[in-house]
Number of protein chains: 2
Amino acid sequence: MEQPSAAIGGPVSHAIFRVARLHRMLAGSLLRPTGLYPGQELLMMHLWDHGPQRQSQLVSVLDSDAPTVTRTVQRLERAGFVRRRPDPTDARASLIEPTPASRHLREQIEQIWQQLEQLTVGPLDPADHSSALGILEQLERNLVTATTARACDDEGAN
Amino acid sequence: MEQPSAAIGGPVSHAIFRVARLHRMLAGSLLRPTGLYPGQELLMMHLWDHGPQRQSQLVSVLDSDAPTVTRTVQRLERAGFVRRRPDPTDARASLIEPTPASRHLREQIEQIWQQLEQLTVGPLDPADHSSALGILEQLERNLVTATTARACDDEGAN
DNA sequence: GATTGGTATATGTTCGAACAACTAAGATCC
DNA sequence: GGATCTTAGTTGTTCGAACATATACCAATC
């Protein structure tokens, strides 16, 4: 495959794109036997760690948006991994909790995360490993800055 | 936001996930004024660079899959950026070409890519910049290795 | 020259992600 | 106590991505 011009215009952007795609594919493929789709495991893990949650809490913790969480919860509910209970203190809200049946999943998920991490990091020596993490965190900070800057611009424009 | 246990189980994986999400969001937000959605610009850019293409060629170049390209082309066609012409040498295939009207997009896209790259890389000095690229390429190699290894496993299992 | 295999593209489905619009329930203030 | 604002969730839509199938068409073999 020849060098696409995307790589010329933005080598880092293009690399992020490809790494993310491969990583998501690999995660999906590792997760497949459990019946979960990528993204659902984050929600489950948070429920296991922190107990019953409101959807709004899940939205802020997962840094997702309300419609996505609504449907993810619906799918997990249909799959039997999650259950809803009315919030006694607020009739608008419901509490999402993992079902007893889902306990079995937890160790699978943890093992998959370990495996995914190891496959991703591969044969990197510890120095490269920590510099990889540092670079990614720097990129994240840059992107957060850029995103919030754009959000403010938009506000000003409106 | 407290540290989610995803970060404990797989810090690099989790960082990739977040960086990719922010990057995709930023790309989408930059692309919005043009009417394109993230992904479509890669296809257009390839058409501009290499002229009329079969979908199958686009599939291999973009490293995507056939159904995705089919629908992306359909949407770009509906939006008026792309046009199909029967391949004179093979009645099964059609050639996808950018419309004259789309020429106007090209410089916008190139500018957006530059902007995206700059926002992503941010204030990194050249040394960090090239090490970032190196790290991402290493991660990509690891993921490709892991993915193809798993593909072979699956074949063996079937 | 009809069957078989491979290629080109399309469709239907499932997901996650983002946006807009909506309902319902709480909270506040006059 | 009634109008208004906010918050919690839902639904509908559009998109990209991946998977399984289906429908053409070409090509080579028997």
Side-chain angles (χ1 to χ4, degrees), chain A residues 17-18 20-32 34-44 53-60 62-79 84-96 147 150-151 154, chain B residues 17-18 20-32 34-44 53-60 62-79 82 84-96 147 150-151 154 158:
Chain A
F17 182 80
R18 291 196 315 268
R21 220 156 78 84
L22 287 163
H23 188 261
R24 190 162 22 77
M25 269 174 54
L26 183 57
S29 137
L30 290 170
L31 238 29
R32 181 167 303 268
T34 68
L36 290 182
Y37 287 77
Q40 299 184 343
E41 89 281 15
L42 294 170
L43 199 155
M44 289 307 300
Q53 302 276 314
R54 289 195 184 176
Q55 287 190 192
S56 54
Q57 287 177 289
L58 292 171
V59 167
S60 70
L62 302 179
D63 209 30
S64 183
D65 67 343
T68 298
V69 169
T70 291
R71 280 186 269 244
T72 299
V73 167
Q74 285 171 346
R75 282 159 190 151
L76 288 170
E77 194 177 16
R78 235 187 300 143
R84 339 167 75 111
R85 178 158 50 90
D87 186 324
T89 72
D90 189 336
R92 294 170 301 176
S94 52
L95 295 173
I96 317 298
T147 305
R150 280 188 57 77
D154 287 359
Chain B
F17 182 80
R18 290 195 316 268
R21 219 155 78 84
L22 287 163
H23 188 261
R24 192 162 21 75
M25 268 173 54
L26 183 56
S29 136
L30 290 171
L31 239 27
R32 178 168 305 267
T34 68
L36 290 181
Y37 288 77
Q40 298 184 344
E41 88 282 15
L42 294 170
L43 199 155
M44 289 309 299
Q53 301 275 315
R54 289 192 183 178
Q55 287 190 192
S56 54
Q57 287 176 289
L58 292 171
V59 166
S60 70
L62 301 178
D63 211 30
S64 181
D65 68 343
T68 298
V69 169
T70 291
R71 279 187 270 242
T72 299
V73 168
Q74 286 171 345
R75 282 160 190 150
L76 288 170
E77 196 179 14
R78 235 187 301 143
V82 133
R84 338 167 77 109
R85 176 158 52 90
D87 185 326
T89 72
D90 190 336
R92 294 170 301 177
S94 50
L95 295 174
I96 316 299
T147 305
R150 281 188 56 79
D154 287 357
N158 289 350

Task: Minimum side-chain heavy-atom gap A:Gln40-A:Leu31 below 4.5 Å - done: no

- [ ] Measure from the side-chain N and O atoms of A:Glu41 to the backbone N and O of A:Gly39, and report whether any donor-acceptor pair falls under 3.5 Å.
- [x] yes

- [ ] Of all the heavy-atom pairs spanning B:Ala66 and B:Val59, show the shortest one and how long it is.
- [x] CA-CG2, 3.7 Å

Open item on the list: Using side-chain heavy atoms (C-beta onward) and a distance below 4.5 Å, is A:Leu95 in contact with A:Gln53?
Closed with: no

Open item on the list: If the threshold is 4.0 Å, N to carboxylate O, is there a salt bridge linking B:Arg18 and A:Asp63?
Closed with: no

TODO: Indicate for each nucleotide in nucleotides 7-13 of chain C, in 5' to 3' sequence, whether protein heavy atoms under 4.0 Å reach the base (B), only the sugar-phosphate (S), or nothing (-).
DONE: BSBBBBB

- [ ] For residues A:Pro38 and A:Gly28, report the shortest heavy-atom separation together with the two atoms involved.
- [x] CG-CA, 3.6 Å

TODO: Under 4.0 Å from any heavy atom of chain B: name the first and the last nucleotide of DNA chain D that qualifies, 5' to 3'.
DONE: D:dC15 to D:dC26

- [ ] Check the pair B:Thr70, B:Gln55 against side-chain hydrogen bond (donor to acceptor under 3.5 Å, both in side chains), reporting the backbone distance first and the verdict last.
- [x] CA-CA 7 Å; B:Thr70 291; B:Gln55 287 190 192; 3.3 Å; yes

Donor-acceptor pairs under 3.5 angstrom involving side-chain atoms of residues 71-79 of chain B: please list them, not counting sequence neighbours.
{"from": "B:Thr72", "atom 1": "OG1", "to": "B:Thr68", "atom 2": "O", "distance (Å)": "2.8"}
{"from": "B:Glu77", "atom 1": "OE1", "to": "B:Arg84", "atom 2": "NH1", "distance (Å)": "2.9"}

Task: Separation of C:dA18 C1' from A:Leu62 CG (nearest whole Å) - done: 16 Å

